[in-house]
Amino acid sequence: MHDGDVEIGDVSTWETGELRERRRALQVDEEAVSYARRLLHGRIDLVTAELAQRQSVSDDDPLVDRLAGVLADRPSPPRAVTALRALRLRHPERAEDLERQIDALLPPTTRLAEATESWLRERAQQLLAAEEEMSRRRRALFRQIDALQAELAARYRDGRARASDLLDD
């Protein structure tokens, strides 16, 4: 996986093919990171729902009975266009390592109802920290992809690159 923190440098000196290849590699990495963030969000939702249930005197429904509501998409304010890049329904390439890291924090077979409250709180903190790191990596990848895209667009505008070149790749 490419390191989202590495600056890409002066892309104006790169060959157009190299720009496209690097952009594609970064897009694959971004897809994996976005997928992992969604997995983290789901696990965070589950742990916080279990903690909330334990705090609630009136809610006797076990978490499994409320699962659909916990994991349901909630309306959110409009986001930047770059957020639309993450809308993919397939399993992304290069996601396995990230999935293993998330599974190490909270295995999918964990019985949350049997966990202690302190264990749940610790896991929630670890999951939130992992999500924060994943978000930071994703933003860095977006910055790099955007820089490469901007250079490619400039080349198409000024004639240094042609759409017909894509047929040769």
Side-chain angles (χ1 to χ4, degrees), residues 1-11 14-52 63-64 66-110 112 115 120-156 161 163 166 169:
M1 178 141 329
H2 297 280
D3 185 354
D5 288 334
V6 176
E7 292 302 319
I8 55 177
D10 183 10
V11 296
W14 295 11
E15 296 292 324
T16 301
E18 183 181 0
L19 283 170
R20 287 187 194 115
E21 287 174 25
R22 180 61 189 259
R23 179 187 61 183
R24 176 66 190 129
L26 289 170
Q27 288 169 330
V28 168
D29 288 348
E30 183 277 320
E31 288 176 13
V33 169
S34 291
Y35 176 79
R37 279 185 68 240
R38 289 191 301 275
L39 292 178
L40 281 166
H41 287 175
R43 303 227 179 140
I44 291 166
D45 288 348
L46 290 170
V47 169
T48 55
E50 178 64 27
L51 285 167
L63 179 60
V64 72
R66 297 180 292 115
L67 192 57
V70 169
L71 296 177
D73 286 335
R74 294 167 198 62
S76 60
R79 294 188 179 154
V81 173
T82 55
L84 295 176
R85 294 178 190 162
L87 297 177
R88 305 211 176 33
L89 298 176
R90 63 182 171 75
H91 187 273
E93 298 175 36
R94 302 184 193 167
E96 292 80 16
D97 288 340
L98 296 172
E99 286 177 289
R100 280 192 287 278
Q101 292 171 20
I102 294 166
D103 287 348
L105 293 174
L106 184 68
T109 57
T110 303
L112 297 179
L120 288 169
R121 289 190 187 288
E122 181 181 316
R123 287 304 171 274
Q125 288 176 345
Q126 291 172 347
L127 290 165
L128 287 167
E131 193 283 333
E132 186 176 306
E133 171 62 17
M134 205 67 63
S135 292
R136 185 195 60 72
R137 287 175 65 184
R138 184 171 175 248
R139 286 188 302 271
L141 287 165
F142 278 153
R143 282 192 300 274
Q144 292 180 8
I145 292 166
D146 290 346
L148 295 176
Q149 185 62 36
E151 177 63 22
L152 284 167
R155 289 182 187 194
Y156 286 119
L166 294 172
D169 287 348

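Just so it is clear, the structure is predicted and the values come from calculations on it, not from any experiment.
- For the side chain to side chain donor-acceptor pair (under 3.5 Å) test, residues two or more places apart in sequence or in another chain that qualify with Gln149 are Arg23.
- Identified under the salt bridge (Lys or Arg N to Asp or Glu O under 4.0 Å) test for residues 95-107, with sequence neighbours left out: Arg43-Asp103, Asp97-Arg100.
- Inter-residue side-chain proximity for Glu122 and Gln126 is flagged as met; some heavy-atom pair is nearer than 4.5 Å.
- Note that CG of Leu98 and CG of Leu39 are 9.0 Å apart. Values are rounded to the nearest 0.5 Å.
- Atoms CD and CZ, on Glu15 and Arg20 in that order, are 11.0 Å from each other to the nearest 0.5 Å.
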Exercise. Stepwise, does the side chain to side chain contact (heavy atoms under 4.5 Å, CB included) test hold for Gln144 with Leu148?
Worked result: CA-CA 6 Å; Gln144 292 180 8; Leu148 295 176; 5.6 Å; no
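- The shortest distance between side-chain heavy atoms of Val11 and Arg22 does not fall below 4.5 Å.
- A 4.5 Å side-chain heavy-atom check between Glu151 and Trp14 finds every atom pair outside the cut-off.
- Contact detail for Ala95 and Tyr35: the closest heavy-atom pair is CB-CD2, 3.9 Å.
- Taken from CZ in Phe142 to CD in Gln27, the straight-line distance is 10.0 Å, to the nearest 0.5 Å.
- With salt bridges taken as basic N to acidic carboxylate O contacts below 4.0 Å, none links Arg24 and Glu21.
- A donor-acceptor contact shorter than 3.5 Å links the side chain of Arg123 to the backbone of Leu105.
- What you find for Glu131 and Ile44 is that their closest heavy atoms are CB-CD1, 3.9 Å.
- Scanning both residues, Ile102 and Ala36, for their nearest heavy atoms gives CD1-O, 3.4 Å.
- With hydrogens and angles ignored, the 3.5 Å screen pairs a side-chain donor or acceptor of Thr110 with a backbone N or O of Pro107.
- Contact record, Glu31 with Pro92: O-CG, 3.7 Å, taken as the closest heavy-atom pair.
- Atom CG of Leu40 is separated from atom CZ of Arg38 by 11.5 Å, given to the nearest 0.5 angstrom.
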